[in-house]
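Single-structure report; data block below.
All ligand and atom numbering here is 1-based and tracks the order in the structure. Here the structure is a predicted model, which is why all the values come from computation and not from measurement.
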Amino acid sequence: MKKLLILGAGTAGTMVANRLHRLLDPDEWKITIVDQHETHYYQPGLLFIPFGMYSKNDVVKPRRDFIPAGVEMIMSGVDSIEPEHNRVKLAQGGRYLNYDFLVIATGTDIHPEQTPGLHEHEWYKSIFDFYTIEGALALAKHLRTWRGGRLVLNVVETPIKCPVAPLEFIMLADWFFHEQGLRDRVELIYTTPLPGAFTKPIASKHLGDILERKDVKIMPEFIVEHVDPDAKKLVSFDEQKVEYDLLVTVPVNMGAEAVARSGMGDELNYVPVDKHTFVSPTYPNVFALGDAAALPASKAGSVAHFAVDCFAENFLRYIDGLELLPTFDGHANCFIESGFGKGLLIDFNYDQEPLPGRYPMPGVGPFTLLEESEFNHWGKLMFRWMYWNILLKGQELPLPARMSMAGKWIK
Ligand SMILES: Cc1cc2nc3c(=O)[nH]c(=O)nc-3n(C[C@H](O)[C@H](O)[C@H](O)COP(=O)(O)OP(=O)(O)OC[C@H]3O[C@@H](n4cnc5c(N)ncnc54)[C@H](O)[C@@H]3O)c2cc1C
């Protein structure tokens, strides 16, 4: 039997396990997947929890429900990978798992301890994250009784997973405080290391204009050096100081410690792989998918989905002795919730920045690109059902894995 080992049963790992379980001959292949936690979180839903739109129950399901019978699931942390010996050491019991092929899908997580002052006595008192279930729930509780002041949303460093989530947060905050009758008592400030609202110029202009209309002040190129939790101040490397009453942070994102311990990561613990095929340049039987991969693409569930589509087909060629085809183009698409029951959609890849236009979707679409619409808001909400029922199970969606220019407006 040949052994395929998948590390991480999050979005990418679960999708790839389902897809390859269907495609590989069970008489020849044994697939094993390892994860450290029993619960699978629908991470895009964490955004809605602080504003009372979703509860914890709306975003959690048992991980095992999504792993097909026939795939071995091991609940354990991964201690380290020994690629020279084609084996992985588990954290529990020091057991080793051998592999013929390895897929690393251990994602990325927040590291507030990397910023002095952030993760100290004011953590979950006046400083919150919304990238974890604990942070989102603590912030929801805090917002229920907060009577206004200056809310600063700070992105410490890029890359972060779901680069549009901070924008969505600040736009939903604008809506939420309007609903609460508090908007005139709340000042909203968005401090970001980026030169504008988003990485790419056209989207940055569209999104920046929307933030301006919503009276959200952007402070670009703000690179936080430390937080003074007692004086409630953010201090940047160039000594700008921003006071806050409530700080919502997107801390430094980093890949798994296990990757670092194995000497397989870059400075942020992401695994360098070929940007079109996901294969490691050093170990030809090792791949990295999803947020764990060091790619110039967005770290997003949609990217993991398109990546798995490309990878699964390529993997079948590879094990038959054919070369990997450079099929993945960095395709990402994300709904951006903008408050008041509206949203935008962006669709882009390595070479093409997000453009305005229409995104065709058979039987449902078109969705408006880079323009607010109610339909996009419903698309965003519908996505949760699609995630649990179609995507995680590795079923096909009528969305091309490679980006299409259909509907995009080029000036
Ligand atoms: C607030 C928020 C909003 C988002 N919104 C969107 C959105 O609207 N659209 C979108 O496309 N994406 C969105 N995302 C991003 C999306 O959720 C992630 O990009 C996606 O889940 C990445 O999948 P992954 O499999 O790479 O990582 P994950 O799904 O995070 O899975 C990684 C898995 O690896 C496991 N693991 C890690 N280390 C170890 C170890 N040492 N041992 C064992 N197991 C380990 C973890 O337990 C986890 O289950 C959002 C994320 C957040 C936080």
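- The protein non-hydrogen atom at the shortest distance from atom 2 (C) of ligand 1 is Gln43 O, 3.4 Å.
- Near Arg63, with a cut-off below 4.0 Å to any heavy atom, the atoms of ligand 1 are 47 (O), 49 (O).
- Judged purely by distance below 3.5 Å, without hydrogens or angles, the side chains of Thr191 and Asn154 pair a donor atom with an acceptor atom.
- Taking 4.0 Å as the cut-off, Ala105 counts as a neighbour of ligand 1 on heavy-atom distance.
- Close N/O approach between Gln36 and ligand 1 is found [any backbone or side-chain N/O within under 3.5 Å].
- Cation-pi geometry between Arg384 and Phe48 is not met at under 6.0 angstrom from the ring centre and within 45 degrees of the axis.
- Considering backbone and side-chain N/O atoms, Phe335 never comes within less than 3.5 Å of an N/O atom of ligand 1.
- Put simply, the side chain of Ser280 never gets that close to the backbone of Pro284: no donor and acceptor are under 3.5 Å apart.
- Scanning the protein for heavy atoms near atom 26 (O) of ligand 1, the closest one is Asp291 N, 2.8 Å.
- Separation of the Tyr124 and His142 ring centroids does not fall under the 6.0 Å cut-off.
- Annotation for ligand 1: atoms under 4.0 Å from non-hydrogen atoms of Ala256 are 38 (N).
- Using a 4.0 Å cut-off between a side-chain N of Lys or Arg and a carboxylate O of Asp or Glu, Asp309 and Arg19 qualify as a salt bridge.
- Taking the centre of each ring, Tyr190 and Phe169 stay at or above the 6.0 Å mark.
- For His40, the heavy-atom gap to ligand 1 stays at 4.0 angstrom or more.
- Nearest to atom 16 (C) of ligand 1 among the protein's heavy atoms is Gly301 N, 3.5 Å.
- For Met15, the closest heavy-atom approach to ligand 1 does not fall below 4.0 Å.
- With Asn86 as the partner, the side chain to side chain donor-acceptor pair (under 3.5 Å) test is satisfied by one option alone out of Asn98, Asn285, Asp100: Asn285.
- Listed by number with element, the atoms of ligand 1 under 4.0 Å from a non-hydrogen atom of Ser76 are 43 (C).
- Taking atom 37 (C) of ligand 1 as the reference point, the nearest protein heavy-atom neighbour is Thr106 O, 3.2 Å.
- Atom 27 (O) of ligand 1 has Gly107 CA, 3.5 Å as its closest protein atom, hydrogens excluded (heavy atom only).
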For residues 296-306, run the donor-acceptor check on the side chains, cut-off 3.5 Å, and write out each pair with its distance to 0.1 Å, sequence neighbours left out.
from   : atom 1 : to     : atom 2 : distance (Å)
Lys299 : NZ     : Asp291 : O      : 2.9
Lys299 : NZ     : Ala293 : O      : 2.9
Ser302 : OG     : Asn333 : N      : 3.2
Ser302 : OG     : Asn333 : O      : 2.9

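- Ring pair Phe383/Trp378: centre-to-centre distance not below 6.0 Å.
- Geometrically, ligand 1 and Glu168 share no nitrogen or oxygen pair separated by less than 3.5 Å.
- Classification of Glu38 and Arg63 as a salt-bridged pair fails, no side-chain N sitting under 4.0 Å from a carboxylate O.
- Summary of contacts: the protein heavy atom closest to atom 33 (C) of ligand 1 is Asp35 OD2, 3.5 Å.
- Considering backbone and side-chain N/O of Leu46, none are found under 3.5 Å from N/O of ligand 1.
- When only non-hydrogen protein atoms are considered, atom 50 (C) of ligand 1 lies nearest to Cys162 CB, 3.4 Å.
- Which parts of ligand 1 touch Gly77 is read off a 4.0 Å heavy-atom cut-off, strictly below it: atoms 42 (N), 43 (C).
- Side-chain atoms of Asp129 do not come within 3.5 Å of backbone N or O of Ile110 as any donor-acceptor pair.
- A cation-pi arrangement is absent between Arg150 and Tyr244 under the rule of less than 6.0 angstrom and at most 45 degrees off the ring axis.
- At a 3.5 angstrom cut-off on N or O pairs, Thr108 does not count as close to ligand 1.
- In Glu122, the CD atom is crowded: over 12 heavy atoms of neighbouring residues, nucleotides or ligands sit closer than 6.0 Å.
- The closest non-hydrogen atom to atom 25 (O) of ligand 1, taken over Ala300, Ala9, Ala12, comes from Ala12.
- Short contacts between ligand 1 and Lys299, defined as distances under 4.0 Å to a heavy atom of the residue, involve ligand atoms 19 (O).
- Outside the 6.0 Å centre-distance limit, the rings of Phe311 and Phe328 are not counted as a close aromatic pair.
- Using a 4.0 Å cut-off to heavy atoms of Lys380, the atoms of ligand 1 that qualify are 8 (O).
- Residue Val78 has at least one nitrogen or oxygen atom sitting less than 3.5 Å from a nitrogen or oxygen atom of ligand 1, judged on distance alone.
- In this structure, the protein non-hydrogen atom closest to atom 31 (O) of ligand 1 is Gly10 CA, 3.2 Å.
- Checked for salt-bridge contact, Lys342 and Glu371 miss the test: no charged N lies under 4.0 Å from a carboxylate O.
- At a 3.5 angstrom cut-off on N or O pairs, Thr11 counts as close to ligand 1.
- Of the polar atoms of Asn333, none of the N or O atoms is found under 3.5 Å from an N or O of ligand 1, judged by distance alone.
- The contact set between ligand 1 and Gly290, taken as ligand atoms under 4.0 Å from a residue heavy atom, comprises 26 (O).
- Shown in contact with His37 at under 4.0 Å from a heavy atom are these atoms of ligand 1, numbered in order with element: 47 (O).
- Heavy atoms of Ala332 come nearer than 4.0 angstrom to ligand 1 in no pair at all.
- Heavy-atom neighbours of Gln92 CD from other residues, nucleotides or ligands within 6.0 Å: above the threshold of 12.
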Show me the donor-acceptor pairs, under 3.5 Å and distance only, between side chains in residues 387-398 and residues at least two apart or in other chains.
from   : atom 1 : to     : atom 2 : distance (Å)
Tyr387 : OH     : Thr11  : OG1    : 2.8
Tyr387 : OH     : His40  : NE2    : 2.7
Asn389 : ND2    : Trp385 : O      : 2.9

